[in-house]
Peer 1: 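Can you keep this structure in mind? I'll have questions shortly.
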Amino acid sequence: MASDFFRQVYRVVSMIPAGQVATYGQIAAYVGNPRAARTVGWALHGLPAGSGVPWHRVINAQGAISTSREGSRAAQQRAMLEEEGVLFDERGRTDLARYGWKGLR
DNA sequence: ATAATGACTGGGG
DNA sequence: ACCCCAGCCATTA
């Protein structure tokens, strides 16, 4: 566990500013593997609570929460994002064009 | 080393 | 918009 890949993922996710969200594919691209979106999800899956990593700011390319397809974590993720200013529509989606993280630039 | 799995993504019907 | 399918990748058994 905790391979270099995971650490890179954690580092990138930690860079996401509050009030903004990034997609799994985007994180994957930042670590050098734009095709490893699934692996990014896997990395966050094994991430313990209180690790300091804002995993809740990572969502799928559709701007929706995919957290294990359902569960208490999904609801909590939505709540945390709303608290940061990220609003969801009726369909549970965010406006990536507005909240999407553009990167460090 | 091979097979299965999963918090993904994009393309096609 | 919705549903289904195939491709991709690192980790785990």
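None of the values given here were measured: they were computed from a predicted structure. So that the names make sense, note that chain A is the first sequence line, chain B the second, and so on, each numbered from 1.
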Peer 1: Taking only side-chain nitrogens and oxygens of R38(A), does any of them come within less than 4.0 Å of OP1 or OP2 of dA6(C)?
Peer 2: no

Peer 1: Rounded to the nearest angstrom, tell me the gap between atom CZ in F6(A) and atom C1' in dA10(C).
Peer 2: 7 Å

Peer 1: Same hydrophobic cluster for I16(A) and Y24(A), using side-chain heavy-atom links shorter than 4.5 Å among ILVMFWY?
Peer 2: yes

Peer 1: Could you pick out which residue, R93(A) or A36(A), lies toward the 5' side of DNA chain C when each is mapped onto its nearest nucleotide?
Peer 2: R93(A)

Peer 1: Between Q26(A) (CD) and dC8(B) (P), how many Å, whole number?
Peer 2: 16 Å

Peer 1: Whole-Å distance between dG10(B) P and Q62(A) CD?
Peer 2: 9 Å

Peer 1: Nearest to the side chain of T39(A) - dT9(B), dG6(B), dA1(C)?
Peer 2: dG6(B)

Peer 1: Scan R57(A) against the nucleic acid and name what it touches under 4.0 Å (heavy atoms): base, sugar-phosphate only, or nothing.
Peer 2: nothing

Peer 1: Side chain of S66(A) only, heavy atoms from C-beta on: which candidate in dA10(C), dG10(B), dA7(B) is closest?
Peer 2: dA7(B)

Peer 1: As a test of reading the structure: which of dA10(C), dG6(B), dA7(B) is closest to the side chain of H45(A), going by heavy atoms?
Peer 2: dA7(B)

Peer 1: To the nearest Å, how far apart are L44(A) CG and dT5(B) C1'?
Peer 2: 17 Å

Peer 1: What is the separation between atom CZ on F5(A) and atom P on dA7(B), rounded to the nearest whole Å?
Peer 2: 18 Å

Peer 1: Give the intermediate values and the outcome of side-chain hydrogen bond (donor to acceptor under 3.5 Å, both in side chains) for residues Q76(A) and H56(A).
Peer 2: CA-CA 8 Å; Q76(A) 188 169 3; H56(A) 55 277; over 6 Å; no

Peer 1: Any N or O donor-acceptor pair linking the side chain of R35(A) to the base of dG10(B) at under 3.5 Å?
Peer 2: no

Peer 1: Looking at dC8(B), dA7(B), dT11(C), which one has an atom nearest to any side-chain atom of N60(A)?
Peer 2: dC8(B)

Peer 1: Quick check, are the ring centers of W101(A) and Y30(A) under 6.0 angstrom apart?
Peer 2: yes

Peer 1: What nucleotide among dA10(C), dA7(B), dT9(B) has an atom nearest to a side-chain atom of T23(A)?
Peer 2: dT9(B)

Peer 1: Can you sort out the partners of E82(A) under salt bridge (Lys or Arg N to Asp or Glu O under 4.0 Å), two or more places apart, ordered by chain and number?
Peer 2: none

Peer 1: Using the side-chain hydrogen bond (donor to acceptor under 3.5 Å, both in side chains) criterion, which residues pair with N60(A)? Sequence neighbours excluded.
Peer 2: S66(A)

Peer 1: Measure CE/M80(A) against P/dA7(B) and give the value in whole Å, please.
Peer 2: 17 Å

Peer 1: Let me know the distance between CG of N33(A) and P of dG6(B), rounded to the nearest Å.
Peer 2: 21 Å

Peer 1: Could you state the OH-C1' distance from Y10(A) to dA10(C), rounded to the nearest angstrom?
Peer 2: 12 Å

